[in-house]
2 protein chains.
Amino acid sequence: MKIGVLGTGMVGQAIAGRLVEAGHTVMIGSRTSNNTRAAAWVESTGPKATQGTFADTARFGVLIFNCTSGVVSLDALKMAGETDLNGKILIDLANPLDSSGGLPVLAFCNTDSLAERIQKAFPTVRVVKTLNTMNVKVMINPQLLPGHHTVFMSGNDPDAKSVAARILGDLGWKQESIIDLGDITTARGTEMLLPIWLRLAGALGHTKFNFHIVVGESSKQ
Amino acid sequence: MKIGVLGTGMVGQAIAGRLVEAGHTVMIGSRTSNNTRAAAWVESTGPKATQGTFADTARFGVLIFNCTSGVVSLDALKMAGETDLNGKILIDLANPLDSSGGLPVLAFCNTDSLAERIQKAFPTVRVVKTLNTMNVKVMINPQLLPGHHTVFMSGNDPDAKSVAARILGDLGWKQESIIDLGDITTARGTEMLLPIWLRLAGALGHTKFNFHIVVGESSKQ
């Protein structure tokens with residue numbers, strides 16, 4: 001599949017690289033078409049990798065990943081352009097973290113979420129929020145951690161969530177590890193995991209961990 | 001140990017009952033000294049159970065549980081009275097959920113938490129936030145769920161956290177299931193689990209689940 005990855009930082013490059021390994025053709029996009037960091041990635045990744053502007057990348061992909069920093073994601077998506085995004089599946093794994101003072105806090109939460117803001121700004125885009133609750137090394141290699149652990153999914157479009165689930169499979173996720181929380185407003189819940197994620201990273205001294213939802217038998221309740 | 005449980009609702013009664021089973025002597029407290037719900041609980045629980053006002057309960061306990069509804073906890077603690085709370089360990093398992101419109105939202109979060117508000121209002125009370133991220137049936141019977149799952153703990157006083165860990169043991173928690181996140185501000189993280197907890201309850205159709213933090217080996221990171 002032709003996939004556009006918006007964002008050429010650590011997360012964008014790691015996701016894009018893993019998608020290429022899984023057989024997809026990937027363009028990574030930034031504000032400029034000649035980003036040196038992106039050029040180095042393209043050079044090292046091979047013929048299935050290209051780079052372009054946000055707009056080039058939105059045009060290229062039949063499915064788009066939002067790997068930009070959450071507080072600038074809406075700007076990046078506006079640069080990508082509504083015309084080239086319309087009707088497409090957008091997998092949003094950004095979190096609206098404001099890192100301007102000490103330990104990051106969410107720029108907004110509780111009664112709103114980044115995923116909802118994106119969905120509202122681009123009503124025909126099929127936004128799926130997922131992968132935003134773990135370190136990128138775990139995102140692209142769930143086997144890094146022992147046993148079962150969970151990846152959450154939120155979105156209004158069931159077909160888009162089915163496609164996203166297949167893409168998660170390409171990244172190494174077992175289908176039984178996916179919990180579909182419901183519509184896009186449920187992304188409030190996953191974005192609000194970031195504060196405890198940051199504190200767990202502090203308490204554990206590293207970021208090689210993930211949430212797992214342990215479920216009992218409801219009939220016994 | 002003499003334990004005071006503030007709150008005579010489902011959570012207060014369940015915690016108090018389990019503490020009596022574990023050998024503690026427990027008073028449950030409400031606004032009035034002759035609460036009929038509390039009287040029924042005392043009657044059915046036996047000689048180690050009594051009831052009183054919030055103030056009676058704070059005076060009685062050498063350790064206090066806050067099992068009141070999060071949005072009224074500060075009022076209840078003020079009724080309990082600073083004099084009788086000072087220097088004691090307060091285990092706070094409330095969440096500041098505002099249920100006034102549809103699915104509850106947090107009354108405040110992100111840059112603040114109920115645990116911090118309590119700690120600020122009662123500076124000499126040794127507040128430990130724990131148990132606030134699961135259904136009460138799981139709180140008092142962790143074996144209800146299969147395998148490993150996690151109970152978080154936040155607080156400024158290491159000795160108070162040690163005592164709280166022993167009390168968690170009395171409720172059935174293995175010590176290795178406890179993650180000490182750090183100081184009381186880390187309670188922001190656990191209180192902010194409530195939005196996803198509520199949505200998981202919706203997606204799963206029941207509340208018999210819990211979070212588990214799956215940790216990889218940091219040396220390999």
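Keep in mind that this is a model prediction, so the values were computed, not measured. Order of the sequence lines fixes the chain letters, A, B, ..., with proteins taken first and strands second; residue numbering starts at 1 for each chain.
Of all the listed residues (B:S154, B:P146, B:G182), the one sharing the greatest number of non-hydrogen pairs under 4.5 Å with chain A is B:P146. Among B:L145, B:N210, B:T185, the residue making the largest number of heavy-atom pairs under 4.5 Å with chain A is B:N210. Per-residue heavy-atom pair counts under 4.5 Å with chain A were compared for B:L106, B:L204, B:T111, and the maximum is reached by B:L106. With respect to chain B, the highest number of heavy-atom pairs below 4.5 Å among A:V138, A:N110, A:V215, A:V105 belongs to A:N110. For the options B:A203, B:G216, B:G202, heavy-atom pairs under 4.5 Å to chain A are most numerous at B:G216.
Using a 4.5 Å heavy-atom cut-off against chain B, the contacting residues of residues 186-201 of chain A are A:T186, A:R188, A:G189, A:T190, A:M192, A:L193, A:P195, A:I196, A:R199, A:L200.
Counting non-hydrogen atoms of other residues, nucleotides and ligands closer than 6.0 Å to CD of A:E43 gives a total of 12 or fewer. Within a 6.0 Å sphere centred on CD of B:E176, other residues, nucleotides and ligands contribute more than 12 heavy atoms.
Heavy-atom distances place the side chain of A:I179, and not its backbone, under 4.5 Å from chain B.
In this structure the side chain of A:V214 never reaches within 4.5 angstrom of the side chain of B:F209, judged on heavy atoms.
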